[in-house]
Amino acid sequence: MSHSRTSTTSVDYESVDEAYLDKRKLKKGAAGWILLASLGVSYVISGDYAGWNFGLAAGGFGGMLVATILMAIMYTAMVLSIAELSSSLPTAGGGYSFARRAFGPWGGYVTGTAILLEYAIAPAAIAIFIGGYVNELIGLNGPLVYAVFYAVFVGIHLWGAGEALKIMMGITALAVIAILVFVVGMLPHFDPANLFDISVNTGALGASAFLPEGFIGIWGALPFAIWLFLAVEGVPLAAEEAGDPGRDMPRGIITAMLVLLVFGACVLLLAPGGAGAAAMSEHAAPLVGALQAVYGTDSWAAGFVNLVGLAGLIASFFSIIYGYSRQTFALSRAGYLPRWLSVTGGRKVPFLALIVPGAIGFLLSLTGKGDLMITMAVFGATISYAMMTLSHILLRRREPELERPYRTPGGILTSGVAFVLAIVAFLSTFVVSVEAALWSAVFYAIMLAYFGFYSRHHLVAQAPEEEFEAIALAERELDEQAETSPKQA
């Protein structure tokens, strides 16, 4: 490795040789747009099975409905924005690379860290929920179950990206079939009156049968509405493994979002509409509970969705492991995180970026606090949403000549709507858990300290996300030399 160094006002770059990047290559062409769409759905699909329904307790059906519409608008606008960004800047850094281009190293690092907070912690929470499902099926739960699932699914990712994504697609297909069975089973039993059976809090401002907790219920339901879409933004993390990212990325992520909008509408309407909003508001497995309410506890439909519902949790667990590994890989390759984390083996898989966060996630799962970790993940997610959508706005203004194979409909108006709603969503999470906010702040303080005191002085000039900055820096140095040369003459 060469030790030549260049500096900007805030960071220092070190130049590396070709061997450095040769040891850090992903498998190009492992994912087409259909696999990418499947990845987007699998990131999120566990949210259709559990978690969203607690929004019914927070705001009643009306509060949850309004919150879901607002978050659906935010996610759709954001997906259209990052579809453009991922086609223009197709690297494994995803949101970090977008913000890096728009804001510089600090902005890129803050965004990448937010995504890492979301993606590294969410699998720990999902592992706890998987333990609950396994306990219902075979009576086993706890650390052994968490360890087995982490070992098996990290192991499959170590096998290879193409193989892992195809297996993930199969698991996701099972989870989708279970949702379709739920929809077909519940449609004949839908009764609008069931949506409004939660008792009205007469002391709340604006309280009614539609908004039993009043207007504040909409605010309280927002974090749970997020669970119906959380993590779809991770599709661009597969950019370097896509066959034609300029075409495949927009197709994949937009298709995934359309599917998730349909699923979200179905579960929100049919579970409380068939079994009652009050009964569903605190149910651990609302889809299963709704089917049991109308067909009986021993019905084949409820049993099928209960069994295959585990596939929904596994799909999100499996795919988010993929997401955290690619975010860790990109930040490490560029020097923001320890460089050894980005080394890839013979199968072009970043094995340490899979294993190290996986080990940390397993240790976090031992706390058993799934709700706390999900809320922390939402904190990280909403920060990254604000940064990514603002990146779209800034790059449209600053770099109009940037090649954009796909252009966001509505331009900066679309990303502006997403940005405002992301700020609202971030603030709403404080209603849910101040403890999660404090733990998130501790995580951020540690990560920012590492960057401020060490890694910003050791960034890699040839990393894809940093290369344009290194070129611009070299051009500035040449201009400065050209200006001083005539004076010296």
Side-chain angles (χ1 to χ4, degrees), residues 43-44 46-47 51 54-55 58 71 74-75 78 93-96 99 103 106-129 219-227 229-234 237 316-317 320-321 323-324 327-328 331 336-337 356-391 419 421-453 455:
Y43 275 137
V44 185
S46 64
F54 298 128
M71 291 301 93
M74 180 191 77
Y75 273 94
M78 179 182 69
Y96 135 65
F103 295 102
W106 279 97
Y109 184 75
V110 165
T111 306
T113 302
I115 296 169
L116 207 54
L117 174 64
E118 174 189 359
Y119 277 65
I121 291 178
I126 297 170
I128 294 167
F129 301 147
W219 183 259
L222 280 173
F224 303 104
I226 288 172
W227 290 9
F229 310 107
L230 181 76
V232 68
E233 74 281 357
L237 295 170
S316 293
F317 180 73
I320 295 174
I321 287 173
Y324 78 55
Q327 186 67 83
T328 302
L331 288 168
Y336 289 86
L337 295 180
V356 173
I360 294 170
F362 168 69
L363 293 175
L364 287 171
S365 71
L366 300 180
T367 65
K369 294 186 176 182
D371 54 346
L372 174 70
M373 283 178 280
I374 283 289
T375 309
M376 288 178 67
V378 170
F379 267 79
T382 50
I383 292 170
S384 74
Y385 299 165
M387 294 294 286
M388 286 191 289
T389 51
L390 192 55
S391 297
F419 172 72
L421 288 172
I423 297 297
V424 171
F426 171 71
L427 295 175
S428 75
T429 56
F430 285 89
V431 176
V432 177
S433 175
V434 174
E435 183 185 4
L438 293 175
W439 280 114
S440 298
V442 169
F443 172 82
Y444 257 103
I446 293 169
M447 296 297 283
L448 289 174
Y450 175 77
F451 183 65
F453 289 111
S455 67

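Quick note: numbers below take in every heavy atom, side chains included, and nothing from hydrogens, waters or symmetry partners.
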Checklist line | CH2 (W439) with more than 12 external heavy atoms under 6.0 Å | finding: no
Next item on the list: Mind checking the CD-CE spacing from E233 to M78? Nearest 0.5 Å is all I need.
Entry: 5.0 Å
Next item on the list: To the nearest 0.5 Å, tell me how far S455 OG sits from L331 CG.
Entry: 9.0 Å
Check: Do you know the tightest heavy-atom contact between T328 and P357?
Finding: OG1-CG, 3.9 Å
Margin query: side chain to side chain contact (heavy atoms under 4.5 Å, CB included) for L337 and M447? Distances and angles first, verdict last.
Written below: CA-CA 9 Å; L337 295 180; M447 296 297 283; 3.7 Å; yes
Margin query: I'd like to check I121 versus F443 (side-chain heavy atoms, cut-off strictly below 4.5 Å). Are they in contact?
Written below: no
Notebook entry, point to check: Considering all heavy atoms of both residues, which atom of V110 and which atom of L448 are nearest to each other, and what is their separation?
Noted result: CG2-CD2, 4.1 Å
Check: Shortest non-hydrogen contact from A221 to A58?
Finding: N-CB, 4.0 Å
Next item on the list: Please tell me if the side chains of P123 and Y324 come closer than 4.5 Å, counting only heavy atoms from C-beta onward.
Entry: yes
Margin query: Could you tell me if the side chain of W219 sits less than 4.5 Å from the side chain of V424, heavy atoms only?
Written below: yes
Check: Going from CZ on F451 to OG1 on T113, what distance comes out if it is rounded to the nearest 0.5 angstrom?
Finding: 8.5 Å
Item checked: I321 side chain reached by F317 side chain, heavy atoms, under 4.5 Å -> yes
Next item on the list: Look at the side chain of Y444 and the backbone N and O of G380, then say whether any donor-acceptor pair between them is shorter than 3.5 Å.
Entry: no
Margin query: Is any side-chain heavy atom of Y119 closer than 4.5 Å to one of Q327?
Written below: no
Checklist line | Ring centroid separation Y109 to Y96 under 6.0 Å | finding: no
Next item on the list: Quick one: closest heavy-atom pair of L222 and S428, and the distance?
Entry: CB-OG, 3.6 Å
Next item on the list: Verify whether the ring centers belonging to F430 and F379 lie closer than 6.0 Å.
Entry: yes
Item checked: Distance (rounded to the nearest 0.5 Å) between M74 CE and T382 OG1 -> 8.0 Å
Next item on the list: Answer yes or no: is there a side-chain heavy-atom contact under 4.5 Å between I128 and M373?
Entry: yes
Margin query: Within this structure, what is the OH-CG distance for the pair Y75 and L421, rounded to the nearest 0.5 Å?
Written below: 11.5 Å
Notebook entry, point to check: Looking at OG1 of T111 and CG of L116, how far apart are the two atoms once the value is rounded to the nearest 0.5 Å?
Noted result: 12.0 Å
Checklist line | For L364 against A124, the heavy-atom pair lying closest together | finding: CB-CB, 4.0 Å
Next item on the list: Indicate the atoms forming the closest heavy-atom contact of M71 with A225, along with that distance.
Entry: CG-CB, 3.8 Å
